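I have placed the structure first, in the form of structure tokens, so that the comments after it can refer back to it.
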Amino acid sequence: MKIYNTSKGILIEQDNSFYLAAKNWDEFINNDNLFKDKLTFIESSLPLTNADDLLSNDLLPPIGSQEIWASGVTYMRSRSARMDESKDAGGGDFYDLVYKAERPELFFKSSAHRTVGSGQQVRIRKDSGWNVPEPELTLMISSSGKIAGYTIGNDMSSRDIEGENPLYLPQAKTYDKSAAIGPCIYLTDSPLPANTEIRMEILRNGSQEFCRNIRIDQIKRKFSELIEFLFREMSFPVGCLLMTGTGIIPPNNFTLEHGDEIRITIDSIGTLVNFVE
Ligand code: DO4
Ligand code: MG
């Protein structure tokens, strides 16, 4: 089942039929029994006929007033890329240490106001010359710490800024339109299969500039572990979103350019498409 946020209401897709739920996003999504409740709702509702219209003209990022948090260095590729980019600044060891440590790296990524949805533009910072998208499976977590659903996240990152000094991480990660999520929240009553693939393709002037995929079972940590640390000393009254880290980083000679198209696909969820402003 898929849940879309639109300016006309919340759209529920089940078996290629769409249903409209007129409800506030925060109330709707912060529900430990979301999947079962929505199945019941669908049984007593009539399907819509203008869903294609809503999806092409009125789609919003799947977020209300939730915060977006992110996990770092959860895949080997992220560890090695970060060690490499920060070696001149003497920061390399930190990434190796955090990869092995009990405590994961968790950082604040974005508020709803700095976040865009599928089909919208992400930004690269004007004061940065080395920028990449990071494709990340993103968890929708309820206020009680349960995974309510899954979406696709793009953790846009300025590699020269974080490489200059790890203390600059918040500036490398958080700025206007630095986070993209969508296109929907995928609900399921069982965990995602271990062989679920994340695929990122970057197109420049219509031609493929970069393409790679990774399976989610290449992650070093369990989702439950990331959630446990995130919720240790913080409450999230309407739930939150948590990006789970990237296992795909383009080579060091790659940087994003204005107009690039970033396509991130995760099995069962769909494709998040963004253009660089
Ligand atoms: O430690 C820097 C950021 C790590 C990150 O965003 C990732 O691994 O996805
Ligand atoms: Mg990341």
Side-chain angles (χ1 to χ4, degrees), residues 67-111 114-116 122-125 128 130-139 150-175 177-182 197-200 202 210 212-223 225-227 229-230 240-252 254-256 262 264 266 272 274 276:
E67 293 171 350
I68 303 180
W69 283 73
S71 322
V73 200
T74 49
Y75 289 82
M76 184 54 97
R77 171 68 186 131
S78 180
R79 171 192 164 275
S80 54
R82 254 99 205 177
M83 287 178 73
D84 195 32
E85 78 194 8
S86 62
K87 61 179 183 305
D88 293 345
D93 287 353
F94 288 111
Y95 294 109
D96 184 42
L97 289 170
V98 84
Y99 183 75
K100 295 179 188 147
E102 189 202 345
R103 185 188 291 274
E105 178 195 2
L106 294 170
F107 58 93
F108 178 77
K109 172 64 189 176
S110 186
S111 52
R114 299 199 176 85
T115 303
V116 301
V122 287
R123 286 185 58 252
I124 48 182
R125 290 184 64 114
S128 168
W130 186 17
N131 291 276
V132 293
E134 293 187 357
E136 308 194 9
L137 175 66
T138 300
L139 313 175
Y150 303 87
T151 188
I152 304 170
N154 176 357
D155 170 23
M156 291 285 288
S157 303
S158 301
R159 292 194 65 190
D160 48 354
I161 295 179
E162 70 178 14
E164 187 180 337
N165 188 322
L167 295 178
Y168 294 152
L169 188 81
Q171 295 176 72
K173 294 289 193 179
T174 305
Y175 55 89
K177 301 188 190 175
S178 65
I181 54 168
E197 291 230 330
I198 302 176
R199 176 173 191 268
M200 178 164 76
I202 302 171
F210 175 83
R212 192 103 355 126
N213 33 324
I214 191 160
R215 281 168 53 144
I216 61 166
D217 63 357
Q218 295 306 297
I219 195 169
K220 167 95 185 333
R221 299 186 185 262
K222 293 195 177 75
F223 299 148
E225 184 187 334
L226 298 172
I227 296 170
F229 270 96
L230 186 66
C240 64
L241 289 135
L242 177 62
M243 294 182 171
T244 56
T246 188
I248 301 175
I249 300 182
N252 288 359
F254 176 89
T255 187
L256 282 171
I262 306 159
I264 305 172
I266 303 185
L272 170 68
N274 296 105
V276 180

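Small disclaimer: the values here were computed from a predicted structure and weren't measured. Counting starts at 1 for both ligands and their atoms, following the listed order.
Between Phe107 and Asp155 the shortest side-chain heavy-atom distance falls below 4.5 Å. Using a 4.5 Å heavy-atom threshold, the side chains of Arg123 and Met156 count as separate. Under the 4.5 Å side-chain criterion, counting only non-hydrogen atoms from C-beta, Ile202 is in contact with Pro133.
Within ligand 1, counting atoms from 1 as listed, the ones closer than 4.0 Å to a heavy atom of Gly72 are 4 (C), 5 (C), 7 (C), 8 (O). Residue Glu136 approaches ligand 1 through these ligand atoms, each under 4.0 Å from one of its heavy atoms: 9 (O). Close approach of ligand 1 to Ser78 is summarised as follows: ligand atoms under 4.0 Å from at least one heavy atom of the residue are 7 (C), 8 (O). Atom numbering of ligand 1 starts at 1 in the shown order; those under 4.0 Å from a heavy atom of Val73 are 1 (O), 4 (C), 7 (C), 8 (O). Taking a cut-off of under 4.0 Å to the non-hydrogen atoms of Tyr95, the atoms of ligand 1 that pass are 1 (O), 2 (C). Taking every heavy atom of Gly245 and a limit of under 4.0 angstrom, the matching atoms of ligand 1 come to 9 (O).
In terms of protein heavy-atom proximity, atom 6 (O) of ligand 1 is nearest to Lys173 NZ, 2.7 Å. Among protein heavy atoms, the minimum distance from atom 1 (O) of ligand 1 is reached at Glu105 OE1, 2.7 Å.
Scanning all heavy atoms of the two residues, the minimum distance from Lys173 to Ser157 falls at NZ-OG, 2.7 Å. Shortest non-hydrogen contact noted between Gly153 and Ile181 is CA-CG2, 4.1 Å. Considering all non-hydrogen atoms of both residues, Phe254 and Asn131 come closest at CE2-O, 4.3 Å. Across every non-hydrogen atom of Ser78 and Ile249, the tightest pair is CA-CD1, 3.8 Å. Pairing each heavy atom of Asn213 with each of Ile248, the nearest pair is CA-CD1, 3.8 Å. The shortest non-hydrogen separation linking Tyr95 to Pro166 is OH-CB, 4.0 Å.
Contact annotation for Leu169 and ligand 1: only side-chain heavy atoms (C-beta onward) come within less than 4.0 Å of the ligand. No part of Ser157 comes within 4.0 Å of ligand 1, judged by heavy-atom distances. At a heavy-atom distance under 4.0 Å, only side-chain atoms of Phe107, from C-beta outward, approach ligand 1. Heavy atoms of Met243 found under 4.0 angstrom from ligand 1: none, in either backbone or side chain.
Glu136 contributes OE2 as its N, O or S atom closest to the Mg ion (ligand 2). Of all N/O/S atoms in Glu134, OE1 sits nearest the Mg ion (ligand 2). When you scan the N, O or S atoms of Asp155 for the one nearest the Mg ion (ligand 2), you land on OD2.
Residue Asp155 has at least one nitrogen or oxygen atom sitting less than 3.5 Å from a nitrogen or oxygen atom of ligand 1, judged on distance alone. Residue-to-ligand polar distances keep Thr74 apart from ligand 1: every N/O pair is separated by 3.5 Å or more.
A perpendicular orientation is assigned to the rings of Phe108 and Trp69, their planes being inclined by more than 60° (bins at 30° and 60°).
Between Arg82 and Glu134, at least one side-chain N (NZ, or NE/NH1/NH2) sits under 4.0 Å from a carboxylate O, which counts as a salt bridge.
The backbone N or O of Gln171 sits less than 3.5 Å from a side-chain atom of Arg125, completing a donor-acceptor pair.
Within the 4.0 Å heavy-atom cutoff, Pro166 does not count among the residues contacting ligand 1.
When Arg82, Met156, Arg79 are checked for heavy-atom proximity to atom 7 (C) of ligand 1, Arg82 turns out nearest.
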